[in-house]
Amino acid sequence: MLTAYAQNGQLKRARELFDEMPERTIVSWNAMITAYTRSKGGIFEGFRLFVKMPERNEVSCAAMITGFVNSGRFDEAEKLYNETPLELRDPSCSNVLINGYLKMGRLDEATQIFDRMTKKDVVSWSSMVDGCCKNDRVDEAREFFDAIRERNEVTWSSMINGYMKLGRFRDGLGLFSEMRREDAVRIEPILVTTIFEACGRFDRYTEGCQVHGLVSHLGFEFDVFLGNSLITMYSRFRCMDVARSVFDMMLEKDIVSWNSLISGYIQNKDLEEAYGLFEKAPEKDVVSWTTMITGYSEEGLTEKCIGLFTMMPEKDAIAWTALISGFVINGQYEEAICSFFQMLQTAVRPNPLTLSSALSASAGLATLNQGTQIHAQVIKRNMESDLSIQNTLVSFYSKCGNVDDAYRIFNSIMAPNIVSFNSMISGFAQNGFGKEALKLFEKSQSRGYEPTEITFLGVLSACTHVGLVEEGRNYFRLMKSLYKIEPGPDHCACMVDLLGRSGLLDDAVTFINSMPFVPDSGVWGALLAASRTRFRVDLAMLAAENISKLEPNNAAPYVVLSDMYSFAGKKKEEERVRTAKKLQGIKKSPGCSWITVKNKVNTFLSGDQSHASFKGIKCVLCLILDEMKELHWLDHDWLPP
DNA sequence: CTAGGGTTAG
């Protein structure tokens, strides 16, 4: 009764009953100690009872030490442990302490207790095995494992899981087959699920199928957990037929089975099959809905996302985040921000990913004020030390032109990863600090960070923005030869941009012709922009034709060509381009830009002279253009209107 | 009444 009351949140009733008891045994006292130490702030009342009780046994000590360990009071736990008479010092007391230390990563203290134990049991040994694995000391774990005389299911699975988490299949599966030869230990389905998980994650098809074949003989192939993990594994292998047949053969399915299969189809881009299952599912939960929303947003179908989200009965933080980040990846930043502020008005609390997505949206819009508000939310919610948020903040402040703030945040990151470096390198590059960007790249290399494709986009654009042509060419070569990263379309577009902006247009064309794949519109776009700046009608035509082939509705080729013909006085050609544009039915919305100065948004449309300070702005612009001419960044007087 | 591992889907 005491325990029943305590476990149902009625500690007071338990205490009343305890006080009324005509006589109490050690077990009654122990039950109360456990009840108090497990309830918030009850540790000292628990200890008071422990001191007061007339007689104690080993369970009393273990319970009390557990209480101290679980409330982080290791000093008190250790003191009590040392004061416990040896004949009462059950292995459980030591095991509690050992596991407490292991969970905190305090391996030395755990080992000390372990070494001092006079009678170690299988729990003590298994705890050391697991604790070493969890603290990235798998090989030490193996030493403990080999030293144990008596091994049970926990010992084996701790060791096997340690290997599987690291993808050490030879060691893990080797032990697994050794375990099968032991008569005294059972193979538990749940251990096999972790093997399937690892096979899926490390893309080990052969091993996954082998283990699957093996367990189907053991009689628990119809276990729900096991079936679910098989569905997930085969989905990762892109074997949806097998995943489906596992699903169909399962005698008992739960909502996770349905969700796993839906998610599998979505990962393999079969939205129709996914939606069919979603509709057919006997029950749906927040995960089912969110899975579908994520699937649609990855395919750019944000309308469908909104529809599903609206119909969804209960929305949690992850669901909101799926909606918001879906908008962000599709460039719908206003919608993302709007949803974020809607979310704040509900009781659902944003998680780090939500705030990071909202910050990305602000970065996309370059709305400094709004993003700063979200930064304030980050601080308010104590998420400043979240790495993904810090990285997004670096990007955000950079995009808003606030390199100093970006750099300040970058430097405050305790454990930066390559993404942090990528964000800062790109941030420097975007703001014209090419030298700083390249220096930071070299720093990341000397510190042993592995560069990614994104790293080189930053590096190449840094070279572009300061005209470092040779360095850019060099990095482009190194990328492949030294870092083993294949240049993609974006890297090539960067190179064309680099050569084009430096006036080396013929080199740019040579580069395009030497590309190992068909140039995309980004590559041609870079050439078109350079041709416009340098007034190379021939290359502008080449680029324009190719863009039109790839993106028939893109207005840029028509606009640039007609402007250039117009300047050159070639009225006929200009007219021809304009007519072609009309025939295609292409409408170009006027270019628009804006900047917030002292809380006021200043908007500029192309050709628009209505700004209050138009004269002054134009004057400064002319000064800048003169300087550009002096530096030979422009070859002639022609400028796009 | 106390102590160890494993839990699939967003």
Side-chain angles (χ1 to χ4, degrees), chain A residues 2-3 6-7 25-35 37-38 53 56-67 69-70 90-100 102-103 121-131 133-134 141 151-162 164-165 187-197 200 223-233 235-236 246 253-264 266-267 281 284-295 297 312 315-323 325-326 353:
Chain A
L2 296 178
T3 306
Q7 286 177 354
T25 66
I26 297 187
V27 175
S28 338
W29 286 90
N30 288 350
M32 284 314 291
I33 290 171
T34 306
T37 55
R38 279 186 188 169
M53 66 196 288
R56 288 176 277 270
N57 66 6
E58 69 285 353
V59 176
S60 328
C61 299
M64 198 58 233
I65 294 171
T66 305
V69 166
N70 287 342
D90 194 72
S92 64
C93 301
S94 319
N95 292 343
V96 168
L97 258 182
I98 288 175
N99 279 295
L102 287 172
K103 275 203 191 92
D121 64 5
V122 66
V123 177
S124 330
W125 288 96
S126 306
S127 303
M128 289 310 292
V129 170
D130 183 61
C133 289
K134 296 267 162 68
R151 300 179 188 131
N152 64 11
E153 284 78 1
V154 178
T155 330
W156 284 95
S157 61
S158 298
M159 194 65 240
I160 294 173
N161 287 328
M164 295 318 276
K165 286 253 147 61
I187 292 186
E188 295 165 318
I190 207 133
L191 166 64
V192 189
T193 65
T194 66
I195 295 178
F196 290 148
E197 199 271 335
D223 181 273
V224 183
F225 265 60
L226 199 103
N228 293 347
S229 65
L230 276 170
I231 293 172
T232 307
M233 180 181 80
S235 301
R236 295 237 168 98
V246 170
K253 302 185 211 349
D254 61 8
I255 194 164
V256 178
S257 323
W258 286 85
N259 289 344
S260 303
L261 192 61
I262 292 173
S263 161
I266 282 178
Q267 283 162 39
K284 300 188 229 316
D285 62 3
V286 59
V287 178
S288 332
W289 289 87
T290 312
T291 309
M292 283 311 303
I293 290 175
T294 309
S297 72
M312 194 171 172
K315 294 146 187 157
D316 64 2
I318 304 179
W320 277 100
T321 309
L323 180 77
S325 75
L353 210 73

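These numbers come from a predicted model, not from an experiment. Throughout, a chain's letter reflects where its sequence line sits, starting with A, and its residues are numbered from 1.
- With dA3(B), dA9(B), dG5(B) as the choices, the nucleotide that has an atom nearest any side-chain atom of V96(A) turns out to be dA3(B).
- Looking at the side chain of T290(A), the nearest of the listed nucleotides dG10(B), dG5(B), dC1(B) is dG10(B).
- The phosphate of dA9(B) has OP1 or OP2 within less than 4.0 Å of a side-chain N or O from R236(A).
- K134(A) has a side-chain polar atom (N or O) that falls below the 4.0 Å cut-off from OP1 or OP2 of dG6(B).
- Remark: S263(A) is in phosphate contact with dG10(B), judged by side-chain N or O atoms under 4.0 Å from OP1 or OP2.
- Candidate nucleotides dT7(B), dG10(B), dA3(B) were compared by shortest atom distance to the side chain of V286(A), and dG10(B) ranks first.
- In this structure, the side chains of K165(A) and T194(A) stay at 4.5 Å or more apart for every pair of heavy atoms.
- D254(A) comes within contact range of no nucleotide atom at all, as no heavy-atom separation falls under 4.0 Å.
- Of the candidates dG4(B), dG10(B), dG5(B), dG4(B) carries the atom nearest the N99(A) side chain, counting heavy atoms from C-beta on.
- When S127(A), S126(A), S124(A) are each tested for a side chain to side chain donor-acceptor pair (under 3.5 Å) with N95(A), only one passes: S124(A).
- Nucleic acid contact for E58(A): none, since no nucleic acid atom lies under 4.0 Å from a heavy atom of the residue.
- Between R38(A) and dC1(B), a side-chain N or O to OP1/OP2 separation shorter than 4.0 Å is absent.
- Side-chain proximity of I190(A) to the nucleotides dA3(B), dC1(B), dT7(B) is greatest for dT7(B).
- Ranking dG10(B), dT7(B), dG5(B) by closeness to the T194(A) side chain, first place goes to dT7(B).
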